[in-house]
Amino acid sequence: MHEELTDFERKEHIFAALKSALLPLLLVACMVFCAVWIYGEASTHYTWQWARVWRYVGTFQAGDFLETFRAGLLLKGLGITLLIVLYGFVLTVLFALCLVFMKLCQSPVLITASSGIISLIRNTPLLIQLFLWYFVFAGMLGLTPFITAVLCLALFEGVYLAEILRSGIIAISHTQWEAGFSLGMPLAKTLLYVIMPQVFRNVLPSLAGQFISLIKDTSLVSAIAVADLTLQARNIISETYLSFEIWLTAALWYFALTLFVSVPFWLLSKHFAKQYKK
């Protein structure tokens with residue numbers, strides 16, 4: 001029989017897990033950063049100008065009583081990227097669930113429609129889809145570039161997430177459904193309380209990879225004039241020619257975002273692995 005962990009011991013376990021996951025990644029990132037820095041100076045005699053970068057991150061301005069922080073272009077672009085990721089994540093899940101239910105239902109019309117949508121979106125490049133949405137559908141529907149980017153990303157990532165969830169549901173044994181029905185649960189409760197927790201545990205690594213792809217794919221929305229982190233970085237480089245410094249800063253921020261998503265999924269997978277061993 002397993003002893004119940006106290007809150008302090010649980011926090012200690014979480015801190016140890018975070019430390020074991022973050023330290024190697026941060027060490028690799030620092031090594032790559034130092035290697036690029038040393039190689040750039042040695043091979044091209046390039047003089048790094050990091051002092052010019054910080055004002056594009058943010059500046060402190062003197063106020064009446066305290067200094068106020070004013071976000072720079074890079075930080076504003078990061079905020080737009082975060083909004084795209086947040087809205088895109090919610091719409092991706094909703095769209096994926098709709099496709100899954102269409103795919104698993106008994107209606108041939110819905111099955112054919114969902115298969116056609118998945119095939120069409122999955123087999124065309126995301127950049128082409130962004131252009132189609134921006135130059136064709138956005139004008140017809142009166143959509144802003146931001147909304148266009150969110151919708152297009154949600155549809156693109158949603159078809160992949162739908163296939164991940166569908167494969168997870170199919171992998172569950174029929175006896176699990178029968179167990180839920182034998183307890184008097186209706187279909188909705190069986191799916192919610194019996195099937196979906198098992199599906200979530202089984203597809204957790206694939207879910208993490210898909211949401212990381214969503215973060216990285218947001219860099220393409222700069223092609224349709226959305227002022228995200230990538231577009232702001234390009235604009236700053238065109239004015240200052242600080243290519244190395246700006247792109248390295250943007251890359252580190254994208255790395256931090258993906259790491260912020262990866263760690264919770266990793267902790268959940270460890271938690272489910274311990275439960276499975278019990």
Can you check whether [Y]'s main-chain N or O pairs, donor with acceptor, with [X]'s side chain at less than 3.5 Å?
| X | Y | value |
| --- | --- | --- |
| Thr218 | Ile215 | yes |
| Thr92 | Gly88 | yes |
| Glu163 | Val159 | no |
| Thr59 | Arg55 | no |
| Ser115 | Thr112 | no |
| Gln210 | Leu161 | no |
| Thr81 | Leu229 | yes |
| Gln129 | Cys152 | no |

task: Take Asp217 and Ser213 through the test side chain to side chain donor-acceptor pair (under 3.5 Å) and record every step on the way to the result.
output: CA-CA 6 Å; Asp217 287 342; Ser213 296; 5.4 Å; no

How far does [atom1] of [X] sit from [atom2] of [Y], to the nearest 0.5 angstrom?
| X | Y | atom1 | atom2 | value |
| --- | --- | --- | --- | --- |
| Leu155 | Ile121 | CG | CD1 | 5.0 Å |
| Trp54 | Leu74 | CH2 | CG | 10.0 Å |
| Glu178 | Gln176 | CD | CD | 9.5 Å |
| Leu99 | Leu94 | CG | CG | 11.5 Å |
| Phe137 | Leu151 | CZ | CG | 11.5 Å |
| Leu78 | Leu82 | CG | CG | 4.5 Å |

I need the minimum non-hydrogen distance between [X] and [Y], along with the two atoms involved.
| X | Y | answer |
| --- | --- | --- |
| Gly168 | Val199 | O-CG2, 3.6 Å |
| Val221 | Ala149 | CG1-CB, 3.6 Å |
| Ala96 | Gly158 | CB-O, 3.5 Å |
| Lys103 | Ile111 | O-CG1, 3.8 Å |
| Ala227 | Gln232 | CB-NE2, 3.8 Å |

- prompt: Please walk me through it: do Arg52 and Glu245 pass side chain to side chain contact (heavy atoms under 4.5 Å, CB included)?
  reply: CA-CA 9 Å; Arg52 298 175 58 193; Glu245 293 88 345; over 6 Å; no

Determine, using the 4.5 Å side-chain heavy-atom cutoff (strictly less than), whether [X] and [Y] are members of one ILVMFWY cluster.
| X | Y | answer |
| --- | --- | --- |
| Leu127 | Leu153 | yes |
| Leu120 | Leu91 | no |
| Phe146 | Phe131 | yes |
| Ile147 | Val136 | yes |
| Phe156 | Leu97 | yes |

Are [X] and [Y] side-chain neighbours, meaning at least one heavy-atom pair lies under 4.5 Å?
| X | Y | answer |
| --- | --- | --- |
| Tyr56 | Thr249 | no |
| Leu73 | Ile236 | yes |
| Thr230 | Tyr254 | yes |
| Trp253 | Leu75 | yes |
| Ile237 | Trp247 | yes |
| Val53 | Thr240 | no |

- prompt: Who pairs with Phe101 by ring pair (Phe, Tyr, Trp, His ring centres under 6.0 Å), at least two apart in sequence or on another chain?
  reply: none

Side chain to side chain contact (heavy atoms under 4.5 Å, CB included) evaluation trace for Leu257 with Val261: CA-CA 7 Å; Leu257 283 178; Val261 171; over 6 Å; no

- prompt: Stepwise, does the side chain to side chain contact (heavy atoms under 4.5 Å, CB included) test hold for Val226 with Tyr134?
  reply: CA-CA 11 Å; Val226 178; Tyr134 183 66; over 6 Å; no

More than 12 heavy atoms of other groups within 6.0 Å of Tyr193 OH: no

task: Would you indicate whether Tyr87, at its atom OH, is surrounded by more than 12 heavy atoms from other residues, nucleotides or ligands within a distance under 6.0 Å?
output: no

message: If the test is ring-ring contact (aromatic ring centres under 6.0 Å, His included), which one of Tyr160, Phe260, Phe89 qualifies with Phe211?
response: Phe89

message: With side chain to side chain contact (heavy atoms under 4.5 Å, CB included) as the criterion, how do Ile195 and Trp177 come out once you've worked through the C-alpha distance, each side chain's angles and the decisive distance to 0.1 Å?
response: CA-CA 7 Å; Ile195 303 302; Trp177 294 89; 3.7 Å; yes

